[in-house]
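One structure below.
No experiment lies behind these values; they were computed from the predicted model shown. Counting starts at 1 for both ligands and their atoms, in listed order. Quick note: residue numbers are just sequence positions, from 1.
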Amino acid sequence: MADRTQVAIIGAGPAGLLLGQLLHRAGVETVIVERRSRAYCEARIRAGVLEQATRELLIEAGVGERMRREGLVHGGIRLHFDAESHRIPIDQLTGGRTVTIYGQTEVVKDLIAARLESGAPVVFDASDVRVEGIGGDAPVVRYRTGDSAAELHAEFVAGCDGFHGVCRTLAGADAQDSWQREYPFAWLGILADVPPSTDELIYARHARGFALHSMRSETVSRLYLQVAPDEDPDAWADDRIWDELAVRLHADGFTLQPGPIREKSVTPMRSFVAAPMRHGRLLLAGDAAHIVPPTGAKGLNLAVADVAVLADALDAHYATGSDTGLDEYSDRCLRRVWRAQHFSWWMTSMLHVDPRDDAYGAELARSQLRYVCTSPAAATTLAENYVGLPHEFAVRR
Ligand code: RFL
Ligand code: PHB
């Protein structure tokens with residue numbers, strides 16, 4: 001394994017892997033260091049909605065072929081509340097833009113396959129990953145694989161190691177501002193071997209809480225229920241999950257088809273931003289720098305938007321010696337990050353039942369939903385944020 005590289009990438013999630021792919025195509029050397037196994041990274045079930053610009057970038061980066069074949073292109077979403085179903089025609093409201101339903105798990109598999117095929121180095125199962133010297137010109141990444149210790153000298157370190165990684169903490173509390181909000185609820189998510197009962201995603205608000213009907217393919221459904229943050233997934237037998245989903249998703253003309261549940265887990269909900277996203281030779285991207293609650297389907301798309309800007313900035317540094325892109329990296333990304341923070345918080349508060357809230361708060365949320373379903377202006381606000389505001393996706397190769 002190389003002991004020297006231009007850019008050391010910490011983390012093989014979507015952010016780290018896509019950055020590696022874009023830089024490889026730009027002729028910039030990278031080594032990816034990941035603490036989990038390849039199998040673990042390829043099995044993690046998470047996001048499912050790709051913005052149009054995310055889809056376009058994956059295609060441009062040469063990893064979009066299977067997504068093009070298997071991804072489901074959606075031009076709208078449905079909102080269910082008060083036993084009524086309303087459609088938001090996202091494509092009509094945004095000049096023909098769409099989202100693609102394709103699991104993050106599949107994106108990660110495609111990126112790992114491309115990485116291995118390219119021959120560019122990736123280290124899985126790295127333990128004790130430590131990064132030193134980000135304030136100087138010669139950062140070092142130290143880690144262990146099995147019994148042996150390794151040292152990787154780099155010119156830059158990309159911190160793509162997610163919310164629980166090590167990179168964000170390197171700058172020290174004094175050099176970083178952070179903002180956060182914890183929500184008094186979580187999502188119980190299931191993956192079920194049953195054809196989706198709907199051809200478009202359904203986001204539902206019910207007095208008993210939020211529910212979401214999503215999907216992975218024509219034969220696999222992905223659904224979520226709002227639950228308490230400390231909910232034990234084992235307290236939810238399959239029948240109880242399907243019964244609760246049927247109650248919350250109910251609307252005239254809709255029938256939920258239950259089926260065998262393959263996977264079940266509880267995800268906490270939080271909003272978090274750390275700024276700046278650059279500290280000397282360390283560049284943070286994706287969940288390492290910011291988290292959104294999943295209601296707006298923005299987390300993966302933000303990670304992709306960050307690395308598009310970062311790949312361009314690093315490419316310019318090596319190709320032309322210009323550091324303008326690196327100097328502007330944090331500010332450029334944070335503008336998009338805060339827009340997505342607001343949208344995700346807004347969708348979350350409109351669609352969930354906050355147990356701390358009073359009846360007045362619940363009526364405000366229902367009024368907002370009715371407004372979105374009746375006013376083209378309000379619907380367009382939802383649609384243009386959901387499908388993704390224009391990216392600055394000028395990726396040079
Ligand atoms: P990841 O995916 O967490 O990857 C970080 C990687 O770093 C590794 N790592 C380390 N490696 C080396 N040394 C260390 N010390 C390390 N510490 C950690 C980890 O093992 C991992 O491989 O972050 P990245 O790449 O920034 O990607 C972000 C996305 O994963 C995340 O934002 C989305 O999954 C959020 N999200 C959604 N986003 C969307 O855009 N659309 C959606 O529909 C959507 N739905 C969701 C979601 C997240 C969910 N959960 C489970 C939180 C639905 C759910 C339920
Ligand atoms: C998913 O399919 O996992 C999914 C879809 C939409 C969201 C969040 C998650 O807002």
Open item on the list: Can you tell me if Trp187 contacts ligand 2 (heavy atom of the residue under 4.0 Å from the ligand)?
Closed with: yes

Task: Heavy-atom gap Glu51 to ligand 1 smaller than 4.0 Å - done: no

Open item on the list: Give me each pair satisfying side-chain hydrogen bond (donor to acceptor under 3.5 Å, both in side chains) with a member in residues 246-260, each pair once, sequence neighbours excluded.
Closed with: Glu244-Arg248

Task: atom 43 (O) of ligand 1 [closest protein heavy-atom partner, distance rounded to 0.1 Å] - done: Gly48 N, 3.2 Å

TODO: Answer yes or no for Ile101: is there a heavy-atom contact with ligand 2 below 4.0 Å?
DONE: no

- [ ] May I ask you to decide if Ser197's main-chain N or O and His213's side chain share a donor-acceptor pair within less than 3.5 Å?
- [x] yes

Task: Test item, Met347 contacting ligand 2 (heavy atom, 4.0 angstrom) - done: no

Open item on the list: Just to confirm my output: which protein heavy-atom neighbour is closest to atom 6 (C) of ligand 2, and how far is it?
Closed with: Tyr203 OH, 3.2 Å

Task: Nearest neighbour in protein (non-hydrogen) for atom 2 (O) of ligand 2 - done: Ser214 OG, 2.6 Å

TODO: Give the numbers and elements of all ligand 1 atoms closer than 4.0 Å to a heavy atom of Gly162.
DONE: 3 (O), 5 (C), 23 (O)

- [ ] Using the side-chain hydrogen bond (donor to acceptor under 3.5 Å, both in side chains) rule, collect all pairs that involve residues 114-126, keeping only residues at least two apart or in two chains.
- [x] Thr30-Arg115

Open item on the list: Can you confirm, on distance only, whether ligand 1 has an N/O atom lying under 3.5 Å from any N/O atom belonging to Glu34?
Closed with: yes

TODO: Just say parallel, tilted or perpendicular for the rings of Trp187 and His352, cut-offs at 30° and 60°.
DONE: parallel

Task: Distance from atom 8 (C) of ligand 2 to nearest protein heavy atom, with residue and atom - done: Pro294 O, 3.4 Å

Task: Short side-chain to backbone donor-acceptor contact, Ser217 and Val220, under 3.5 Å - done: yes

Open item on the list: Just to confirm my output: which protein heavy-atom neighbour is closest to atom 31 (C) of ligand 1, and how far is it?
Closed with: Asp287 OD2, 3.3 Å

Open item on the list: I'd like to know if Ala126 contacts ligand 1, where contact means a heavy-atom distance under 4.0 Å to any ligand atom.
Closed with: no

- [ ] Drop me the distance from Arg55's CZ to Glu60's CD, to the nearest 0.5 angstrom.
- [x] 13.5 Å

Task: Heavy atom of Gln104, distance to ligand 2 below 4.0 Å - done: no

Task: Non-hydrogen atom of Pro14 closer than 4.0 Å to ligand 1 - done: yes

- [ ] Answer yes or no: does atom CD of Glu151 have more than 12 heavy-atom neighbours from other residues, nucleotides or ligands under 6.0 Å?
- [x] yes

Open item on the list: So, 4.0 Å and heavy atoms of Phe163: is ligand 1 close enough to count as a contact?
Closed with: no

Open item on the list: At less than 4.0 angstrom from any non-hydrogen atom of Leu201, what atoms of ligand 2 do you find?
Closed with: 5 (C), 6 (C)

TODO: Considering only non-hydrogen protein atoms, determine which one is nearest to atom 3 (O) of ligand 2 and report residue, atom name and distance to 0.1 Å.
DONE: Tyr224 OH, 2.6 Å

